[in-house]
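Letters go in sequence order (proteins before strands), and every chain restarts at 1.
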2 protein chains.
Amino acid sequence: MTNDFFREQLKQKGLKVTPQRVAIYEAVVNLNNHPTAEKIIDYIRRNHPNIAIGTVYKVLDSLVDNNLLKKVKNDKDIMRYDAVVSHHHHLYCSETDRIEDYEDELLDKLINEYFKNKKIEKFEIQDITLQITGKFNNN
Amino acid sequence: MTNDFFREQLKQKGLKVTPQRVAIYEAVVNLNNHPTAEKIIDYIRRNHPNIAIGTVYKVLDSLVDNNLLKKVKNDKDIMRYDAVVSHHHHLYCSETDRIEDYEDELLDKLINEYFKNKKIEKFEIQDITLQITGKFNNN
DNA sequence: TTATGTAAAGATAATTATTCTCATTTATGG
DNA sequence: CCATAAATGAGAATAATTATCTTTACATAA
């Protein structure tokens with residue numbers, strides 16, 4: 001299902017459907033923790049031991065360019081990737097590298113409403129994403 | 001003034017007041033565009049040609065640890081630094097690497113109010129920062 | 001169904017940003 | 001002014017990422 005969706009998306013964007021691309025996308029989806037390239041490579045190599053590191057980076061870049069993955073901003077000099085491309089926010093753990101997605105339509109509505117009235121001078125807003133830093137209380 | 005404030009801060013934190021630290025802090029303040037380490041080095045070397053790159057990285061790290069500078073999250077694998085440590089948000093240009101500070105107490109109040117009622121499950125919020133992406137209309 | 005052009009993958013070298021090591025220098029408290 | 005711990009400088013080392021170039025394989029169409 002996710003798989004078919006992804007294959008279809010690749011075709012629509014004029015990208016070839018390769019096992020590497022599918023595996024990399026599935027890795028990000030299945031890991032589900034905003035993995036780094038390294039984590040993705042580790043995961044894929046279990047079933048796909050010969051994939052080249054350069055390929056992973058190239059595929060990640062092209063999937064980001066084609067809006068099938070998103071880069072996640074963070075304080076470290078390691079890039080992280082998110083398979084959720086719909087609008088959402090992020091919960092950042094202040095003590096670890098854990099990052100979780102956070103969706104909140106009501107909040108989005110509130111903020112959008114706010115910026116309908118209050119314009120930012122000389123700036124046209126395209127997207128607003130919250131970085132919510134704090135502590136996770138479970139595991 | 002900024003200078004004296006900074007020297008005083010260093011003393012209070014038990015850090016030695018060195019010309020390198022002052023120069024690096026001043027560079028971030030004066031550049032005022034969330035510079036990378038490289039931009040900071042370029043700026044400092046005009047007046048301080050012998051400063052070592054490693055020193056700049058070490059000083060930046062220690063100033064961040066001591067809350068005299070902040071790291072700015074971004075999509076690139078280059079870290080950027082901000083001399084504004086008070087609570088504020090960021091405007092990201094969707095077309096360039098430009099980043100500007102954005103302060104909005106009313107908005108902060110609105111969002112804090114919202115999260116007083118709506119708790120995020122198993123998460124204790126410490127800070128909320130907005131990444132506002134869009135287009136700058138001037139220069 | 002196979003041939004073919006082209007995009008993509010693999011291997012590995014190169015680059016870039018950052019960190020580390022260690023000898024030397026310097027700020028600060030007595 | 002001295003002692004000493006902290007900080008700097010120089011350059012090597014590392015880690016993440018990008019680039020290059022040859023080989024492979026997807027996809028279109030005969």
Side-chain angles (χ1 to χ4, degrees), chain A residues 3 6-28 34-45 47-66 68-69 71-81 97, chain B residues 3-4 6-25 27-28 34-45 47-66 68-69 71-81 97:
Chain A
N3 208 302
F6 178 66
R7 288 162 178 276
E8 194 47 48
Q9 287 287 308
L10 285 179
K11 278 182 196 160
Q12 278 183 27
K13 316 256 180 183
L15 298 172
K16 289 183 179 172
V17 178
T18 66
Q20 291 86 347
R21 282 179 172 157
V22 173
I24 290 164
Y25 182 75
E26 281 183 345
V28 181
H34 310 82
T36 61
E38 196 193 358
K39 300 284 183 193
I40 294 164
I41 291 163
D42 289 349
Y43 183 89
I44 292 173
R45 286 222 163 134
N47 302 313
H48 213 290
N50 299 322
I51 195 163
I53 291 176
T55 299
V56 174
Y57 281 102
K58 266 181 291 183
V59 168
L60 287 171
D61 268 4
S62 84
L63 297 185
V64 169
D65 287 347
N66 287 280
L68 291 166
L69 292 179
K71 290 184 173 185
V72 181
K73 294 179 172 61
N74 73 92
D75 270 353
K76 303 292 166 54
D77 56 353
I78 304 178
M79 191 52 60
R80 296 177 63 165
Y81 297 88
D97 291 337
Chain B
N3 210 303
D4 288 345
F6 178 65
R7 287 163 178 276
E8 194 46 50
Q9 288 287 308
L10 285 179
K11 278 182 197 160
Q12 278 183 29
K13 316 255 181 186
L15 298 172
K16 291 184 178 169
V17 179
T18 65
Q20 291 85 348
R21 282 180 172 153
V22 174
I24 289 163
Y25 183 75
V28 180
H34 310 84
T36 61
E38 196 193 358
K39 299 286 184 192
I40 294 165
I41 292 163
D42 289 349
Y43 182 88
I44 293 174
R45 286 224 163 132
N47 301 315
H48 213 289
N50 299 321
I51 196 162
I53 291 176
T55 299
V56 174
Y57 279 103
K58 267 182 289 185
V59 168
L60 288 171
D61 269 2
S62 84
L63 297 185
V64 169
D65 287 346
N66 287 281
L68 291 166
L69 291 179
K71 290 184 172 185
V72 181
K73 293 178 173 61
N74 72 92
D75 270 354
K76 304 290 165 56
D77 56 355
I78 306 178
M79 191 52 60
R80 296 176 64 163
Y81 297 88
D97 291 336

Inset, instruction - Compute the bend angle of the helix from C/dT1-D/dA30 to C/dG30-D/dC1 from the end axes (five pairs per end), rounded to 10°. - result: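 The angle, to the nearest 10 degrees, is 40°.
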
Let me know the distance between [atom1] of [X] and [atom2] of [N], rounded to the nearest Å.
X       : N      : atom1 : atom2 : answer
B/Ile24 : D/dT8  : CD1   : C1'   : 10 Å
A/Asp42 : D/dA16 : CG    : P     : 11 Å
B/Ile51 : D/dG11 : CD1   : C1'   : 16 Å
A/His48 : D/dT24 : NE2   : C1'   : 13 Å
B/Leu60 : D/dT8  : CG    : C1'   : 14 Å
B/Leu63 : D/dA6  : CG    : P     : 17 Å

Inset, instruction - For a salt bridge (Lys or Arg N to Asp or Glu O under 4.0 Å) with A/Asp97, tell me which candidate from A/Lys39, A/Lys76, A/Arg80 qualifies. - result: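 With A/Asp97 as partner, A/Lys39, A/Lys76, A/Arg80 yield a single salt bridge (Lys or Arg N to Asp or Glu O under 4.0 Å), made by A/Lys76.
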
I'd like to check the side chain to side chain contact (heavy atoms under 4.5 Å, CB included) partners of [X]; sequence neighbours left out, ordered by chain and number.
X       : answer
B/Lys73 : A/Lys73, A/Asp75, A/Tyr92, A/Gln131, B/Tyr92
A/Val64 : A/Leu69, A/Lys71, A/Tyr81
A/Leu15 : A/Leu10, A/Lys13, A/Arg21, A/Asn66
B/Ile53 : B/Ile41, B/Arg45, B/Tyr57

Legend entry - Side chains of A/Leu63 and A/Val28 in contact at under 4.5 Å (non-hydrogen atoms):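 Result no, sub-4.5 Å side-chain heavy-atom pair not found.
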
Inset, instruction - Determine the minimum heavy-atom distance between A/Val56 and A/Ala37, stating which atoms define it. - result: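 Shortest heavy-atom separation between A/Val56 and A/Ala37 comes out as CG1-O, 4.4 Å.
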
Legend entry - Considering all heavy atoms, the nearest A/Lys11-A/Val17 contact: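 Scanning both residues completely, I find the closest heavy atoms to be CG-CG2, 4.1 Å.
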
Inset, instruction - Going 5' to 3' through nucleotides 15-30 of chain C, assign each nucleotide B (protein heavy atom under 4.0 Å from a base atom), S (under 4.0 Å only from sugar-phosphate atoms) or - (no protein heavy atom that close). - result: --SBBBB-----BS--

